[in-house]
Protein chains: 4
Amino acid sequence: MKTRTSRQQQALETKSKLIDAALRTFSRKGFSESTTKDIAKEAGVTDGLIYHYFQSKEDLLWAILDKYTLLHSIRQALAAMDKQASLEHNLTAYFQALFRNLREQQDLIVMCFGEAQRNPEIRARVEEIIRTGVELLHAFVAPLVRLDPQELLVAIRNVQTSMVFYFLMTARFADDDTQSTEYIRTSVKQFLKIVA
Amino acid sequence: MKTRTSRQQQALETKSKLIDAALRTFSRKGFSESTTKDIAKEAGVTDGLIYHYFQSKEDLLWAILDKYTLLHSIRQALAAMDKQASLEHNLTAYFQALFRNLREQQDLIVMCFGEAQRNPEIRARVEEIIRTGVELLHAFVAPLVRLDPQELLVAIRNVQTSMVFYFLMTARFADDDTQSTEYIRTSVKQFLKIVA
Amino acid sequence: MKTRTSRQQQALETKSKLIDAALRTFSRKGFSESTTKDIAKEAGVTDGLIYHYFQSKEDLLWAILDKYTLLHSIRQALAAMDKQASLEHNLTAYFQALFRNLREQQDLIVMCFGEAQRNPEIRARVEEIIRTGVELLHAFVAPLVRLDPQELLVAIRNVQTSMVFYFLMTARFADDDTQSTEYIRTSVKQFLKIVA
Amino acid sequence: MKTRTSRQQQALETKSKLIDAALRTFSRKGFSESTTKDIAKEAGVTDGLIYHYFQSKEDLLWAILDKYTLLHSIRQALAAMDKQASLEHNLTAYFQALFRNLREQQDLIVMCFGEAQRNPEIRARVEEIIRTGVELLHAFVAPLVRLDPQELLVAIRNVQTSMVFYFLMTARFADDDTQSTEYIRTSVKQFLKIVA
DNA sequence: GATGAATGAGACTTCATTCAT
DNA sequence: GATGAATGAAGTCTCATTCAT
C-alpha cells in the first residue's frame with residue numbers, strides 16, 4: 001500500500017540524496033579531496049549518475065548552498081523568543097538554539113568555513129549569513145538596550161562570531177553540552193555588561 | 001669568521017625560498033589546489049628541486065609551520081606595552097599590533113584557517129596558538145582587573161577570536177586601517193566594560 | 001541462454017586484453033622498463049583504463065600469474081602419453097610437447113625467469129611450477145624404472161631444468177625445430193641410461 | 001707510515017669501489033630498480049661522483065662485466081684437477097669448486113641471470129660463458145670417455161646448466177652445503193652413467 | 001533513470017644527468 | 001677529485017567527465 005512515488009519523485013529523491021552525500025563528504029574531506037566516486041558511493045549510486053543531475057562537481061557545491069541555509073533556523077530561534085522574559089534569558093536561549101542548529105548543520109558549517117578562505121563565492125555566502133544573523137539579532141536587541149546602535153552592532157557581531165568560533169574549535173568535539181552551556185552563560189552575562 | 005658558506009648558504013636560501021613560495025601558494029589556492037609546479041614556479045626553480053629539500057608536498061606544509069609562528073609577534077607586542085599607560089591604551093596598542101602582525105603573516109593565517117577544518121594537525125596548531133595567545137594576554141590583564149579569572153579567560157578568548165575573525169573576513173580586504181582602528185577602539189571599550 | 005552479457009562481456013575482454021598486453025610488454029622489456037603507457041598502447045586503450053581494472057602496475061603482474069600457468073599444459077602432455085609405447089617414445093613426446101608449450105607461453109616464461117631473481121613472489125611461483133612439474137613426471141616414470149626414487153628425482157629435475165634452460169637460451173631463437181628435436185632425442189637417451 | 005697511495009691510486013680505488021657497489025646493488029634490486037643514489041650511497045660517495053668515472057649508469061654495468069668473469073675461476077678449477085685421480089673424484093671436486101665460485105660471485109651471477117632476458121648484450125655474455133665453460137670441461141673429459149663427442153657436449157651442457165640452475169634456485173639460499181654436496185654427488189654419478 | 005567502461009589531462013614524484021663550486 | 005644543488009623528462013596514478021548501453 002505504499003504511496004507510489006512517481007518517477008519524478010524518485011528523481012528528486014536521488015538528487016537530494018546526492019546533495020546530502022556531497023555535503024557529508026565535502027565537510028569530512030574538503031571539496032578538492034572529495035572525489036565524485038566518494039560522493040556517489042556515499043549516496044549509494046554509481047559514478048556517472050552525478051552528471052545526470054549536476055553539471056559538475058562544483059555544481060554540487062552550489063546545490064548544497066541552495067538547499068541549505070543557516071538563516072532559516074536563526075529566524076526560527078528569534079521568533080521563538082519570549083517577549084515577556086528577560087533579555088538574559090532570551091539571549092541564552094537564543095545562543096543555545098544557535099548551538100543546536102550549528103550542531104545539526106555541522107557538515108554545512110564546517111564545509112563553508114573550510115572552503116571560505118579559498119572560494120570567494122563561498123566566502124560571500126558566509127559573510128552574508130553573518131551579516132544577516134547580526135542584523136536580525138540587532139533588530140531584536142536594539143529596542144531593549146540603550147547602547148549606541150553602531151556600538152551594539154559591534155558587540156553583537158563579536159559575540160556571534162565568538163560563538164561560532166567556539167563551536168568550530170571546541171564545542172563540536174565535546175561529548176556533552178556542559179561546557180558549552182557554561183560558556184554561553186558567561187558570554188551572555190558579559191554581553192549584557194556591554195549593552196546595559 | 002668565514003663567510004664562505006656560500007654554497008650551503010645558497011642551499012638554505014633556496015629551501016627558504018621554497019617554503020615561502022609554498023606558503024604564498026597554499027594561502028592563495030589552498031593546499032590541494034596548489035600544485036608542486038605552482039610552488040616551484042613561484043620560487044623560480046624547477047619541479048624536481050622541491051624533492052631535493054622536502055620529502056613530499058605535505059612536508060612543505062610542516063616546514064612552513066616550523067618556520068613561522070604567530071606567537072613570537074604576540075609576545076613582542078605584549079612586551080612592548082607601557083606599564084605606565086592605561087589598560088585601554090595598552091589594549092588598543094596591542095590589538096593594533098596584532099592586526100599588523102596578522103596582516104604581515106596574512107598568508108600563514110589564511111592558510112591555517114583554510115586547512116584547519118580538514119587537517120587535524122593544523123587544527124591542533126591553530127588551537128595551540130589561540131590558547132597560548134589567550135594565556136599571554138590573560139597574564140598581562142589579570143593583575144589589573146577585578147573580574148574572576150575564569151570569566152576573564154572567556155572575555156579574552158572572545159575578544160581575541162572576534163579580532164581574528166574580523167581580520168579574516170573584513171580587515172584584510174580593506175585598503176586602509178580607518179575601519180579597523182575604529183573597530184578595535186570600540187571592541188576594547190566594550191571589553192573594558194566587561195572586566196572593569 | 002541469454003547472450004546479452006554484452007556489456008559485462010566487453011569489460012571482461014578488455015581486462016583480458018590488458019593482461020595479455022602486459023604479459024607481452026613485460027616479457028619484451030621486463031617489468032620495470034615497461035611503462036603503463038606501453039601496456040595501454042599495446043592493448044589499444046588509454047592509460048587511465050588500467051586503473052579501472054587493476055590497482056597498480058604490479059597488480060597486473062599478479063593478474064597475469066593468476067590467468068596463466070604452465071602446469072595445466074604439463075598435465076595435459078602427461079595425460080596424453082601412450083601407456084603401451086616405450087618410455088623413450090613417451091619421454092620424447094613429452095619433451096616435445098613441453099617445448100611446444102614453452103614456445104606458446106614464451107612471454108610468460110621469459111617474464112617469469114627475468115623477474116624471478118629480483119621478485120621473491122615470482123621466484124616462489126617459478127619454484128612451485130618446477131617442483132610440481134618434477135613431481136608429475138616422477139609419478140609417471142617411477143613405476144617404470146628401477147632407480148632409487150631420490151636419485152630419480154634428481155635425474156628428472158636435472159633433465160627438466162636443462163630443457164627449460166635450453167629453451168630459454170637457444171631453442172626460442174631458432175627458426176625451426178631440427179636442432180631442438182635432436183637435442184631432445186639425445187637428452188632422453190642419456191636420461192634413460194641413468195634410470196635404466 | 002702508511003704507503004702514500006698516489007692520487008691516481010686513490011682514483012682507481014674509488015672507481016673500483018663504485019663498480020663493486022653497483023654490482024651489489026644491481027644484484028639485489030636489479031638494474032632499473034637501482035638508482036645512482038643507491039649505488040653512490042653503497043659506495044660511500046656522493047651522487048655526482050659516478051659521472052666523474054662513468055659515462056652513465058649503463059656504463060657501470062659494462063664496467064662490472066669487464067672487471068669480473070666466471071671463466072677465470074672455471075679455468076682455475078680445471079687446472080687444479082688431479083690427473084691421477086678418478087674422473088668421479090675430479091668431477092665432484094670440479095663442481096664443488098664451481099659452487100664455491102658461484103657463491104663467491106653470487107652477485108654477478110644473479111645480476112647476469114636477472115638481466116639476461118631483457119638485455120641482449122648481457123645474454124650474449126652469459127651464453128659465451130656457458131659455451132666456454134662447456135668447452136673447457138669437454139676438453140678435459142673427452143679423452144677419458146668413449147661417448148660420441150657430440151653427445152658428450154649435450155651431457156656436459158646439461159649437467160652444467162642443471163648445476164647453475166640448482167645454485168640459483170636452491171643452493172644460494174641454503175645455510176650449509178650438506179644438500180648441495182649430496183646433490184653434486186648424485187649428479188656426478190648419473191653423469192658418469194651417461195658417459196661411461 | 002541508471003550503469004560503469006572509457007577518456008585524457010594533469011598531479012605527485014623519481015631519477016639520470018649536469019655543473020658550479 | 002669530490003660535492004650536492006639543480007634540471008627536466010618521464011613514470012605511476014588519480015579523477016572529473018563523457019557516453020554507449
Side-chain angles (χ1 to χ4, degrees), chain A residues 7-8 10-11 13-15 32-40 44-60, chain B residues 4-8 10-15 32-40 44-60, chain C residues 4-8 10-15 32-40 44-60, chain D residues 7-8 10-11 13-15 32-40 44-60:
Chain A
R7 187 130 178 191
Q8 221 172 324
Q10 174 89 17
E13 274 167 25
T14 303
K15 189 168 183 176
S32 341
E33 283 83 357
S34 301
T35 69
T36 50
K37 227 184 191 72
D38 286 339
I39 297 166
V45 300
T46 47
D47 297 33
L49 196 55
I50 289 177
Y51 292 84
H52 189 73
Y53 290 105
F54 305 95
Q55 303 239 3
S56 67
K57 186 178 147 188
E58 180 148 353
D59 209 33
L60 260 172
Chain B
R4 78 173 60 93
T5 33
S6 68
R7 196 82 189 299
Q8 266 172 271
Q10 174 96 12
L12 282 178
E13 275 166 25
T14 304
K15 188 171 182 174
S32 334
E33 283 82 358
S34 303
T35 70
T36 50
K37 229 181 192 75
D38 286 339
I39 297 167
V45 299
T46 46
D47 314 26
L49 194 56
I50 290 177
Y51 295 86
H52 184 67
Y53 290 104
F54 305 95
Q55 303 236 9
S56 64
K57 186 179 148 189
E58 177 147 354
D59 208 35
L60 260 172
Chain C
R4 79 173 59 93
T5 32
S6 67
R7 196 81 188 300
Q8 267 172 270
Q10 174 95 10
L12 283 177
E13 273 165 26
T14 304
K15 188 170 183 175
S32 334
E33 282 82 359
S34 303
T35 71
T36 49
K37 232 181 191 72
D38 287 339
I39 297 167
V45 300
T46 47
D47 312 30
L49 194 56
I50 290 176
Y51 295 87
H52 184 68
Y53 290 105
F54 306 95
Q55 303 235 8
S56 65
K57 186 179 147 189
E58 177 147 355
D59 208 35
L60 258 172
Chain D
R7 187 131 178 190
Q8 220 173 326
Q10 173 90 17
E13 274 167 24
T14 303
K15 189 167 183 177
S32 341
E33 282 84 357
S34 302
T35 69
T36 50
K37 224 182 192 73
D38 286 338
I39 297 166
V45 300
T46 47
D47 299 33
L49 196 55
I50 289 177
Y51 292 85
H52 189 74
Y53 290 104
F54 305 95
Q55 303 238 4
S56 67
K57 186 178 146 189
E58 180 148 354
D59 208 34
L60 259 171

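Proteins come first, then strands; the chains are lettered A, B, ... in the order of their sequence lines, and each starts at number 1. Note that the coordinates shown come from a computational prediction; the quantities given were computed from them, not determined experimentally.
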Legend entry - B:L60 CG - E:dT13 C1' separation (whole Å):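 After rounding, the gap between these two atoms is 13 Å.
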
Legend entry - B:T36 vs D:D47, nearer the 5' end of DNA chain E by closest nucleotide: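 The residue closer to the strand's 5' end, by nearest nucleotide, is B:T36.
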
Inset, instruction - By nearest nucleotide on DNA chain E, pick out whichever of A:H52 and A:T46 is the more 5' one. - result: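 Its nucleotide being nearer the 5' end, the pick is A:H52.
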
Looking at [options], which one has an atom nearest to any side-chain atom of [X]?
X: D:T35; options: E:dA5, E:dA16, F:dA5; value: E:dA16
X: A:Q10; options: E:dA2, F:dT3, F:dA5; value: E:dA2
X: C:T14; options: F:dA2, E:dA16, E:dA6; value: E:dA6

Would you tell me if any nitrogen or oxygen in the side chain of [X] comes within less than 4.0 Å of OP1 or OP2 on [N]?
X: C:Y53; N: E:dG4; answer: no
X: D:Y51; N: E:dT18; answer: no
X: A:K37; N: F:dC15; answer: no

Legend entry - Over all atoms of both residues, closest heavy-atom pair of C:T36 and C:Y51: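 Nearest pair, atom of C:T36 first, then C:Y51: CG2-OH, 3.3 Å.
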
Legend entry - Nearest heavy atoms of C:F54 and C:L60, plus distance in Å: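 Shortest heavy-atom separation between C:F54 and C:L60 comes out as CE1-CD2, 3.6 Å.
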
Legend entry - Complement of F:dT14, any strand, by Watson-Crick or G-U distances under 3.5 angstrom: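 The base-pairing partner of F:dT14, which may sit in any strand shown, is E:dA9.
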
Inset, instruction - Determine the contact category for A:S34: base if any of its heavy atoms lies under 4.0 Å from a base atom, sugar-phosphate if only primed atoms, P, OP1 or OP2 are that close, otherwise nothing. - result: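 Answer is sugar-phosphate: A:S34 comes under 4.0 Å of backbone atoms only.
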
Inset, instruction - Please indicate whether B:Q55 has more than 12 foreign heavy atoms, meaning atoms of other residues, nucleotides or ligands, lying under 6.0 Å from its CD. - result: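 Open: at most 12 neighbouring heavy atoms sit under 6.0 Å from CD of B:Q55.
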
